[in-house]
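Written below as structure tokens is the structure these notes are about.
Numbering of residues begins at 1 and proceeds along the displayed sequence. Counting convention: from 1, in listed order, for ligands and their atoms alike.
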Amino acid sequence: MKRITSFEQYTTEYKKSIDTPEKFWSEQAEEFVWKKKWDKVLDWNFDEPDVKWFQGGKLNITENCLDRHLKSGKGEQVAILWEPNHPEAEVRKITYKELHLEVCRFANVLKRNGAKKGDRICIYMPMIPELAIAVLACARIGAIHSVIFGGFSFKSLADRIQDADCTIVVTADGAFRGTKDIQLKGIVDEALEICPSIKKAIVYKHIHADINMKNERDVWWHDEIKFVSSECEAETMDSEDPLFILYTSGSTGKPKGVVHSTAGYMVSTDYTFRNVFQYNDGEVFWCTADVGWITGHSYLVYGPLLCGATSLMFEGIPTFPDAGRFWQVIDKHKVNIFYTAPTAIRSLEAMGLDFVKPYKLDSLRVLGSVGEPINEEAWHWYNDNIGKNRCPIVDTYWQTETGAIMISPLAGITKTKPGFATFPLPGVQPVLLDEKGVELNGNGVEGRLCYKFPWPSIIRTTYGNHERCKEAYFATFKGYYFTGDGCKRDEDGYYRITGRVDDVIKVSGHLLGTAEVENAINEHPDIVESAVVGFPHDIKGWGIYAFVICDNERKDEDNLKREIIQTVTKYMGAIAKPDKIQIVKGLPKTRSGKIMRRILRKIAENDLSNLGDTSTLLDPSVVEEIKAGAL
Ligand code: 7RM
């Protein structure tokens, strides 16, 4: 496997990728199996936006994830190493050969149930190998997968199914999560009541829950599999055919269906996986993210499989049966590369070192971090206690929309600084802009992080609404892709992400739109209006602070708050539960009716002294009331 092996080489590769991007990326793309080679490397225009990579090329990504490795003699190597929720339950080891077979089989099941190239298929599953099998089976037949995180609840699931007009949902009876059983099928049933586009639900039996199977619509995975062959030729896809949709939160209440295309996504995830983690053949790679998020798509499924790696998949949670679970799994499976989120590190740090001490952790070679800025304290704890000061930490910065890691050290090659994502990967051209959109040159500057040139796995559109893609990413600063993040380039040219500058919050590494949480809160019959902002939280990074207006005089505030939390859990999922709820009589609004979130944010952060100019408010007195009741 070719990869960058020194910082000097990084510098030359980087330069090459900027001076001759088409040459650079076509050399990367040569490594894959193509049914037909591309005619043109790149066509792009950020105004539309319209970006096309490897036009005219024909391929199937699963041939590159699976068939290619069988041909090169990797058939017996473990592709997916599955660790169950219950430590005493049986581990599953699925070789490349077996995975190929299962993917082909399930691809035939999808076909048997009416799936065709271009159809959208919703996958709502626990973290079990069948989730990866379903994803790859879609790709095998050219259906577009839309994986919905299993922690989302029925309304979030239904919204996403409707937005993409999915025709099939692949699910399971339920999931194990620590001591809890999650009744996935029940949630699906509720969602499907308002999703007429779904013709079939294919259900995998996992927790042996007592569930309803609706005649005609619902079929069992284990039954269907008996009717099909284990051979399935890979559908021929154009480079630019969509591979998947993945929903991400935005500043409106409606999530955006980020669309990734086939060839570009393949090239970027493979390249970044190899180089960032410096993956060596035979190593065990563990990404703790759920496949329901982009990190799981790119670094649990596609990136590792493209590189022929062994990818560990874990169904459970970090604190079950105790807070040593991650470290126990690392020793048990001799994990070499461990990739997790700062929020997990902070929560395990808070549990104390007694949970770490029993484990050797001597198989570890590289540690990774993703999802939010890693604070220095967590970085040092991770470095000292998990990496034992001998494992480089890669702080990888990227987004659902970028498909692959953008700014990151290369493990063991880039000199790191705690809290810094360090330098752009080859092919990535970051710029920092001031509010007016002027590029800030040189070092020691801070601004809005944008990219001025496309990379292969850049977002192509937002499903069903191209205008929204343009609005959200390409309109704020003309000619640039805007990340929505603030960023600093220090005196040495190192990049440090300072956080979101829009109305989304990263709660425990999950991106949530404040408007989406507000919509869920407003489902409570007694709530007329709400405003949600983030506040700094020791473990979660950011917590959710909700200001709510109640329309009937409820004397039982505690009950009301409990009900609001239940409502959010029911409609959106437990990840969106507010940490603090303040009942208020009014919200600070401008004369045009816009909520001044800046003021609410200051109050939530407990920075009451400097609320800025409140004179443009319709009724400045509400601010005093809110301040007085601040939590
Ligand atoms: C991969 C992922 C994207 C947002 C992004 C940032 C934040 C992600 C880092 C980070 C600082 C990091 N996709 N973010 N990684 N901030 N350092 N290493 O998380 O679409 O869910 O979120 O996450 O704000 O814009 S995402």
Checklist entry - Can S249 and E516 be said to form a side-chain hydrogen bond (donor to acceptor under 3.5 Å, both in side chains), step by step? => result CA-CA 8 Å; S249 302; E516 213 181 346; 3.2 Å; yes
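- Here is the list of ligand 1 atoms found below 4.0 Å of a heavy atom in D395: 12 (C), 17 (N), 18 (N).
- Residue Q399 touches ligand 1 through backbone and side chain together, judged by heavy-atom distances below 4.0 Å.
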Item to check | From CA spacing to verdict: salt bridge (charged side-chain N to carboxylate O under 4.0 Å, His left out), K52, D50 | outcome: CA-CA 7 Å; K52 294 195 178 82; D50 181 21; 3.3 Å; yes
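- Between G371 and ligand 1 there is a heavy-atom distance shorter than 4.0 Å.
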Next on the checklist: Go through it in stages, so that I can follow the logic: the residues are F314 and W82, the test is ring-ring contact (aromatic ring centres under 6.0 Å, His included), and I'd like the CA-CA distance, side-chain angles, deciding distance and then a yes or no.
Outcome noted: CA-CA 6 Å; F314 173 48; W82 182 71; 9.1 Å; no
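- The nearest non-hydrogen atom to atom 12 (C) of ligand 1, considering only K506, R496, E401, E372, comes from E372.
- Remark: of the listed residues Y451, Y481, Y480, Y481 is the sole one forming a ring pair (Phe, Tyr, Trp, His ring centres under 6.0 Å) with F474.
- Listed by number with element, the atoms of ligand 1 under 4.0 angstrom from any heavy atom of V370 are 1 (C).
- With no hydrogens or angles considered, no side-chain donor-acceptor pair links Y494 and K415 at under 3.5 Å.
- Considering only non-hydrogen protein atoms, atom 25 (O) of ligand 1 sits nearest to D485 OD2, 2.4 Å.
- A donor atom on one side chain and an acceptor atom on the other are found under 3.5 Å apart for Y265 and S298.
- Those atoms of ligand 1 that come under 4.0 Å of a heavy atom in I497, given as number and element, are 11 (C), 16 (N).
- Aromatic ring centroids of Y397 and Y495 lie 6.0 Å or more apart.
- Only the side chain of T295 comes within 4.0 Å of ligand 1, counting heavy atoms alone; its backbone N, CA, C and O stay farther away.
- Considering only non-hydrogen atoms, atom 1 (C) of ligand 1 lies nearest to W398 out of Y299, F420, Y397, W398.
- For D490 and N443, the side-chain atoms include no donor-acceptor pair closer than 3.5 Å.
- Contact annotation: for T400 versus ligand 1, heavy atoms closer than 4.0 Å belong to both the backbone and the side chain.
- Looking only at protein heavy atoms, the nearest one to atom 11 (C) of ligand 1 is P373 N, 3.1 Å.
- Between the side chains of S261 and R460, at least one donor N or O lies within less than 3.5 Å of an accepting N or O.
- Within ligand 1, counting atoms from 1 as listed, the ones closer than 4.0 Å to a heavy atom of I294 are 1 (C), 13 (N).
- Residue-level proximity to ligand 1 for R500 is carried by the side chain, the only part with a heavy atom below 4.0 angstrom.
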